[in-house]
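The structure appears right after this line, and notes come after that.
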Amino acid sequence: MAFSQTILDSSGDHPLLDGLNADQRAAVLATEGAVLVLAGAGSGKTRVITHRIAWLVDPLGVPAWQILAMTFTNKAAREMGERVGHAVGSRSRDLWLGTFHSVGVRLLRQLAGWAGLQPSFSIYDTDDQGRLLAKICKAQNIPESHYKPKQFASYIDKAKNRCLGPDDGRLHEAAFGAFEKKALAVYEHYERDMRLANAVDFGDLIMRPVQVLAKDPEVCANLARRFRYVLVDEFQDTNFAQFELLKFLTSAHGNLCVVGDDDQSIYSWRGAEVGNILSFPEVFAPATVIKLERNYRSTATILKASTALVQGNRNRHGKVLWTESGEGDPITLAALPSDRDEADWVARTVDGMRDRVKLSQIAVFYRTNACSRVLEDSMRRFRLPYVLLGGMKFYERAEVKDALAWCRLLVNPDDSAGFLRAVTSPKRGIGDTTLDAVQAHAARANLSAPEAARDLLRRGEGGRNREKLDGFFKLVDGMRDGIDHLRANQVGERVLALSGLRKALQDEGSPESQDRLENLQQLLAAMSEHADSADEPTLRSFLENVALVADVDALNADKERLALMTMHSAKGLEFDVTFVVGLEEGLCPHANVVNESARDGRDLEEERRLLYVAMTRARKKMHLSYAKQRRRFDGLDMPTQPSRFLQQVPRELVQVERVQDWRSALPWGAPAPGLRSAPAPAAVSRSGAWSPSRPSALPGSLLSPHQRAAGPGDDVPVIDRGGSADGFAPGGKARHARFGLGQVLDIAGYGGDAQITLNFPGYGVKKVIARYLSPA
DNA sequence: GACGTGGCCGTTTTT
DNA sequence: CGGCCACGTC
């Protein structure tokens with residue numbers, strides 16, 4: 001601190017401090033010791049962190065490699081890296097900057113020996129974990145009717161978040177219930193198999209380094225000396241294990257700066273402890289506490305509404321956010337007859353502002369992923385380009401996972417999950433019988449699945465599938481040759497070509513297989529990009545990153561598309577215009593959480609914070625909406641009540657739009673008699689608030705919702721159907737290499753990419769891409 | 001061993 | 001309604 005002061009005194013000011021307010025400056029300058037920055041939404045948090053890092057590097061002259069900065073998303077890490085790079089140039093490359101999990105991988109790679117792992121260990125994702133647990137359940141004769149693998153996954157996750165390994169006495173003491181007893185047994189079995197497969201899961205990435213550091217003071221001291229300055233973003237989301245890691249890493253000097261906002265704590269369900277941020281000043285006493293309360297993002301209206309909402313919570317530090325921005329537009333609150341009308345309303349409103357607002361500056365937030373489908377439908381019908389965050393992630397697609405399974409097996413010969421997947425994709429005549437035998441042998445001989453398979457072959461016991469299995473391993477071993485000296489994409493290309501994955505898809509020739517081939521091509525592109533930009537161009541390095549990418553990272557502001565995402569994904573982002581939809585009881589707050597007595601109402605408070613996070617994303621204009629009727633997953637339309645949270649939004653900030661039956665629908669109830677300043681009745685907006693630019697694309701139901709009869713005729717298709725493409729016509733014939741001659745039933749799309757539905761005698765109805773067909 | 005069909009189950013949020 | 005899994009058939 002004295003050092004900073006000197007620099008300030010001599011130069012008077014510094015470009016890095018330009019444009020920072022007094023609190024922000026204080027946060028940048030308090031470099032030594034423990035610092036807690038309570039940063040309200042939109043208070044310039046990222047700016048403070050990046051300037052602080054830059055300040056450490058230059059003028060303070062701290063070598064970049066002595067600085068460790070951790071975030072929760074790759075996107076935040078990347079943004080931070082870019083902004084620091086802007087300030088200090090190439091020196092930023094030496095920073096240790098990444099997500100908790102990526103830093104965990106790096107640490108664990110170095111500590112592998114201490115943790116009893118080979119450095120080539122694999123990272124099992126939730127899917128691999130689930131499969132393994134299902135296998136264990138079967139082996140332990142646990143009927144899935146009673147406990148589901150998912151429950152065990154959650155148990156294990158929770159244990160690891162608290163750094164409790166399966167041998168931990170505290171876990172055994174707590175195992176009195178039937179479930180806990182079973183879960184603990186499953187956990188033990190699970191860890192055994194993970195070790196054999198030389199694999200770790202997400203929880204291990206934090207817990208294992210912590211265990212090593214706790215056990216070995218010397219290793220800990222070395223590491224703590226290496227990182228002289230540690231920074232953490234979104235500190236309110238850290239769990240116990242992460243907090244432990246921080247304590248060890250800073251044990252030599254205590255230079256720990258954490259930035260967070262208790263009002264934005266929305267991850268308690270996955271182990272985040274708000275207590276970490278609340279107790280920080282005591283745990284790291286004496287700590288400097290700095291509050292950033294000036295909001296630079298939103299209009300006064302949006303800020304007031306958000307603040308009013310979150311003030312409904314009792315458990316909070318209590319900041320008072322303020323802004324010098326003007327009032328701006330009122331908040332729009334729309335009540336729509338149904339979820340479909342709501343989605344159409346969003347689409348239409350977006351469509352109506354396209355000439356004024358860039359699509360990339362618009363986002364729609366909802367509580368559950370399931371809400372996205374109806375929105376997607378509307379976006380498609382209105383021909384609005386969109387990105388969907390969440391949902392099926394690229395790296396979760398079957399074909400991508402198949403290719404990655406091969407890659408993992410190349411890098412880590414013990415990767416059981418990778419082996420079990422690769423050996424059956426593409427199909428090579430090896431099935432459950434063989435693999436059951438392999439796994440039985442693996443369990444007996446304490447081997448990973450692939451090693452067990454090799455062992456069976458060596459003993460001449462491969463059964464009928466000896467040769468197939470043998471061929472598989474020859475293929476794998478051949479591919480493995482020299483992979484450490486090749487670029488990731490070169491190995492990837494080798495995998496696609498030699499595994500038969502590409503050929504299998506090419507032979508299929510369906511529209512889906514075409515998509516899948518493109519996904520594989522995209523995978524190669526991602527590998528190539530990684531090889532160009534990462535420290536290490538190898539496949540191993542690529543796989544490390546792949547396991548840790550989330551979908552938000554794909555959000556690309558360059559593309560002119562609006563974004564659809566859950567409220568959780570919204571954290572850390574900002575947009576000019578936002579829509580927060582589905583504000584209904586049971587959805588937001590969610591039905592599983594509305595019980596106020598549960599956990600002292602803390603769950604309910606988290607729901608409120610979640611909405612607060614969503615609301616504080618908007619810079620200029622916010623739309624809130626709810627549907628009076630929502631279709632459940634079983635297809636039934638259920639009546640709904642407006643969210644209780646809407647009552648906490650001051651009505652003078654809100655303009656009600658397009659409400660059918662507005663007296664009963666308003667969350668505040670019927671207006672007081674004679675109240676002239678009540679929001680405009682719905683009729684006003686109904687009559688002409690919209691002038692549809694593309695009437696043909698608009699379903700008439702928006703104007704008269706009750707005329708809509710749900711049914712197949714409801715959809716206005718985007719793709720023109722019934723035309724001919726490349727000489728094919730419905731009713732005509734076409735030839736396919738595998739299926740032979742077939743009758744064309746339907747054509748969708750144009751040119752070589754057209755999707756043609758045909759009936760092949762003996763094969764049935766298939767969808768095929770035009771370019772895979774030849775004229776009859 | 002591969003592939004097809006039928007039953008069942010589910011949706012809170014994810015690094 | 002739709003996706004996944006278990007079971008049955010070829």
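All values derive from a computational prediction rather than experimental measurement. Here is how names work: the chains are called A, B, and so on, in the same order as the sequence lines, proteins then strands, and each is numbered from 1.
The aromatic ring of Trp269(A) is stacked on the base of dT13(B), with the two ring centres less than 5.5 Å apart and the planes inclined by under 30°.
For the pair Glu234(A) CD and dT14(B) C1', the interatomic distance rounds to 14 Å; values are reported in whole Å. Per the geometry, NZ belonging to Lys150(A) stands 11 Å off C1' belonging to dT13(B), to the nearest Å. Remark: C1' of dC1(C) and CG of Asp339(A) are 13 Å apart, rounded to the nearest angstrom. Look at NE2 on His590(A): it is 4 Å from P on dT12(B), rounded to the nearest Å. What separates CG of Asn592(A) from C1' of dT11(B) is a distance of 9 Å, to the nearest Å. Taking atom NZ of Lys160(A) as the reference point, atom P of dT15(B) lies 18 Å away to the nearest angstrom. As rounded to whole Å, 14 Å separates atom C1' of dT15(B) from atom CD of Gln236(A). Nucleotide dC9(B) holds its P atom 18 Å from the CG atom of Leu636(A), rounded to whole Å.
Among the nucleotides dC3(B), dT14(B), dT12(B), the one closest to any side-chain atom of Lys427(A) is dC3(B). Distance from the side chain of Glu607(A) is smallest to dT12(B) among dT14(B), dT12(B), dG1(B). Across dT13(B), dG1(B), dT14(B), the shortest atom-to-atom separation from the side chain of Arg270(A) is found for dT14(B). The nucleotide whose nearest atom lies closest to any side-chain atom of Arg367(A) is, among dT13(B), dT15(B), dT11(B), dT13(B). Nearest to the side-chain atoms of Asn369(A) among the listed nucleotides dT15(B), dT13(B), dG1(B) stands dT13(B). Listed candidates were dT13(B), dT15(B), dG3(C). Nearest to the side chain of Arg373(A) is dG3(C).
Between Tyr267(A) and His568(A), the ring planes are tilted. Angles from 30° to 60° get that label.
The residues Lys138(A) and Asp436(A) are annotated as not salt-bridged, no charged nitrogen and carboxylate oxygen being separated by less than 4.0 angstrom. With respect to Lys503(A) and Asp507(A), a salt bridge is recorded, a charged nitrogen being found less than 4.0 Å from a carboxylate O. Ion pairing of Arg608(A) with Glu605(A) is absent here, as no side-chain N (NZ or NE/NH1/NH2) approaches a carboxylate O to less than 4.0 Å.
The side chain of Thr434(A) contributes an N or O atom lying less than 4.0 Å from OP1 or OP2 of dG1(B). Taking 4.0 angstrom as the limit, Ser102(A) places none of its side-chain polar atoms (N or O) nearer than this to OP1 or OP2 of dT15(B). One finds a side-chain N or O of Ser569(A) lying less than 4.0 angstrom from the OP1 or OP2 phosphate oxygen of dT14(B). Look at Asn74(A) and you won't find any side-chain N or O under 4.0 angstrom from OP1 or OP2 of dT15(B). Thr433(A) has a side-chain polar atom (N or O) that falls below the 4.0 Å cut-off from OP1 or OP2 of dG1(B).
In terms of polar N and O atoms assigned as donor or acceptor, the side chain of Arg632(A) never comes within less than 3.5 Å of the base of dT11(B) in a complementary pairing.
Of the two residues near DNA chain B, Gly431(A) and Tyr267(A), the one whose nearest nucleotide lies more 5' is Gly431(A). Judged by closest nucleotide on DNA chain B, Lys148(A) is the one of Gln242(A) and Lys148(A) placed further toward the 5' end.
Within the nucleic acid shown, Ile266(A) has no heavy atom closer than 4.0 Å to any nucleic acid atom. Phe202(A) comes within 4.0 angstrom of a base, heavy atoms only. Residue contacts for Lys468(A): at a heavy-atom cut-off of 4.0 Å it reaches no nucleic acid atom on any strand shown.
Going from the P atom of dC4(C) to that of dT13(B) covers 15 Å, rounded to whole Å.
Within the 4.5 Å cutoff, no side-chain heavy atoms of Asn239(A) are placed close to those of Arg270(A).
If you run side chain to side chain contact (heavy atoms under 4.5 Å, CB included) between Arg367(A) and each of Val580(A), Thr566(A), Leu610(A), only Leu610(A) comes through.
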For this session: Step by step, work out the side-chain contact (heavy atoms from CB on, under 4.5 Å) result for Tyr155(A) and Tyr190(A).
Result: CA-CA 12 Å; Tyr155(A) 173 90; Tyr190(A) 172 85; over 6 Å; no
